[in-house]
Amino acid sequence: MTLDPHYTDADLVALYDAECGWSVDRAFYAALPGDLPCRVLDIGCGTGLIAATIAQAGHAVTGVDPAAAMLEVARKRAGGDAVRWVQGFAADVTGSFDLIYMTGHAFQTLLTDAEIAGLFRSVRGLLAPQGRFVFETRNPAMDWASRWDHRKIVTGPHGPVPLRRWVDEDTGDQITFTTRYDLPGGPKDSVSTLRFCTLPELTALAQACDLRVHQVSGDWDGSPFDAAHSVEIICELRH
């Protein structure tokens, strides 16, 4: 897998929390472990915002991410010393976990059935008998190409940075888009490709890996998934 420059370039990593900071979806995942101490795995943990928050609440947390630059930020954040950080992928993690989650639509960077099946098999091997795997993916019924043609400003360590995002290609189940950051030293582009799975596709892939869809929501408030109108597909898989 080729990593997006947004996760590997130090200048862009420095903007990540400003662009993708605490929000309703982060709060949703941070609340999942509950009050009783449990073993938690954050796949694609990025800068470790959620993992560190959960660890500070008393849970045993492991965060795994392939991007060294993201983990460097994670280790230095408040609560970062309470997390076990692993550079790599789910297949590189050992242990047994009561809760495994994948946030920030990181699941959508898996572009093929084989990549998704590989993740599901790794997760199945890491889940405790009553364990849960929770992740979200955007509902392909929405017009994401239109939503991603926009401009905004994010405030980084050195001040405001204009950002522009546009779609390069939309094949129906995959969208490739470019995000341009107008940094003081000159513009930098980050090109990403994401896959948009339907719920039936996810269900079939999970079942093929001996996992079952236990619960599906369409929004962070827990409302039921509506294939025509929900923005998110929020899945909980179990053995």
Look at the side-chain heavy atoms of Ile, Leu, Val, Met, Phe, Trp and Tyr, link any pair under 4.5 Å apart, and say whether L119 and L99 land in one connected group. no
Can you tell me how far CG of D42 sits from CE of M102, rounded to the nearest 0.5 angstrom? 9.5 Å
Tightest non-hydrogen contact, residues A117 and C209, listed as O-SG, 3.7 Å
Can you confirm whether D35 is buried at CG, in the sense that more than 12 heavy atoms of other residues, nucleotides or ligands lie under 6.0 Å from that atom? no
Count I, L, V, M, F, W, Y as connected when their side-chain heavy atoms are under 4.5 Å apart, and connections chain through other members. Are L126 and V61 then in the same cluster? no
Short side-chain to backbone donor-acceptor contact, E115 and L111, under 3.5 Å: yes
Candidate pair F107 and I116, rule side-chain contact (heavy atoms from CB on, under 4.5 Å), full reasoning: CA-CA 8 Å; F107 180 83; I116 294 174; 3.8 Å; yes
Do side-chain atoms of D9 reach the backbone of L12 as a donor and acceptor pair under 3.5 angstrom? yes
Assess whether salt bridge (charged side-chain N to carboxylate O under 4.0 Å, His left out) is satisfied between R121 and D210, documenting all intermediate values. CA-CA 8 Å; R121 285 193 293 268; D210 294 324; over 6 Å; no
Donor-acceptor pair, side chain of D98 and main chain of R39, under 3.5 angstrom: yes
Nearest 0.5 Å, what's the CG-OG1 distance between D168 and T178? 3.5 Å
Side-chain heavy-atom pair E19, Y181 within 4.5 angstrom cut-off: yes
Sequence neighbours excluded, which residues qualify as side chain to side chain donor-acceptor pair (under 3.5 Å) partners of E201? T198
Under a 4.5 Å cut-off applied to non-hydrogen side-chain atoms, are R84 and V93 in contact? yes
With side-chain contact (heavy atoms from CB on, under 4.5 Å) as the test, would you mind laying out the steps for T103 and D25 before giving the verdict? CA-CA 8 Å; T103 69; D25 54 324; 5.8 Å; no
If we check side-chain contact (heavy atoms from CB on, under 4.5 Å) with F135, which of these qualifies: I43, L237, I233? L237
What closest approach, in Å, do S96 and L127 show between heavy atoms, and which atom pair accounts for it? OG-C, 4.3 Å
How does the hydrophobic cluster around L194 look, that is, which other residues are in it when side-chain heavy atoms under 4.5 Å mark a link? M142, W144, W148, V167, I175, F177, F196, V231
Do the non-hydrogen side-chain atoms of C235 and L199 ever get within less than 4.5 Å of each other? yes
Tightest non-hydrogen contact, residues A78 and A52, listed as O-CB, 3.5 Å
A228 backbone acceptor or donor facing N139 side chain under 3.5 Å: no
Residue of the set T137, D173, D113 for which side-chain hydrogen bond (donor to acceptor under 3.5 Å, both in side chains) holds with R195: D113
For F89, does its backbone N or O pair with a side-chain atom of D92 as donor and acceptor, under 3.5 Å? yes
Just checking Q174: does its CD atom have more than 12 heavy atoms from other residues, nucleotides or ligands closer to it than 6.0 angstrom? yes
Distance col, row F97:CZ vs C38:SG, nearest 0.5 angstrom, shows 11.0 Å
Residues that F225 engages under ring pair (Phe, Tyr, Trp, His ring centres under 6.0 Å), provided they are two or more places apart: none
Nearest non-hydrogen partners of W85 and C45, listed with the distance: CZ3-SG, 3.7 Å
To the nearest 0.5 Å, tell me how far D17 CG sits from T47 OG1. 3.5 Å
Can you check whether Y7 reaches Y16 side chain to side chain, under 4.5 Å on heavy atoms? yes
Considering non-hydrogen atoms only, spot the tightest contact between L32 and R132 and give its length. O-NH2, 3.0 Å
Stepwise side-chain contact (heavy atoms from CB on, under 4.5 Å) test for V161 and L15: CA-CA 9 Å; V161 175; L15 296 173; 4.0 Å; yes
Set of residues satisfying ring pair (Phe, Tyr, Trp, His ring centres under 6.0 Å) with respect to Y101, sequence neighbours excluded: Y29
With rounding to the nearest 0.5 angstrom, report the CZ to CG distance, R151 to D182. 8.5 Å
Closest non-hydrogen atoms of V64 and G88, given as atom of the first, atom of the second and distance, are CG2-O, 3.3 Å
Donor-acceptor pair, side chain of H59 and main chain of V40, under 3.5 angstrom: no
Check the hydrophobic clustering (I, L, V, M, F, W, Y; side-chain heavy atoms under 4.5 Å; chains of links allowed) and say if I153 and L163 are grouped together. no
Reference residue T179; test side-chain hydrogen bond (donor to acceptor under 3.5 Å, both in side chains); the match among R164, H6, R165, K188: R165
Same cluster or not: W22 versus V73, using hydrophobic residues (I, L, V, M, F, W, Y) connected whenever any side-chain heavy atoms lie under 4.5 Å apart? no
Side chain to side chain donor-acceptor pair (under 3.5 Å) with R124: which residues, sequence neighbours excluded? none
side-chain contact (heavy atoms from CB on, under 4.5 Å), that's the test. Do T62 and V83 meet it? Break it down for me. CA-CA 6 Å; T62 297; V83 180; 5.8 Å; no
What residue pairs, at least two apart or across chains, pass side chain to side chain donor-acceptor pair (under 3.5 Å) with a residue in residues 212-230? R212-H214, D221-S223, D226-H229
One should read off an interatomic distance between F133 CZ and L41 CG, to the nearest 0.5 angstrom, of 9.0 Å
Between the main-chain N or O of E232 and the side-chain N or O of E136, is there a donor-acceptor pair closer than 3.5 Å? no
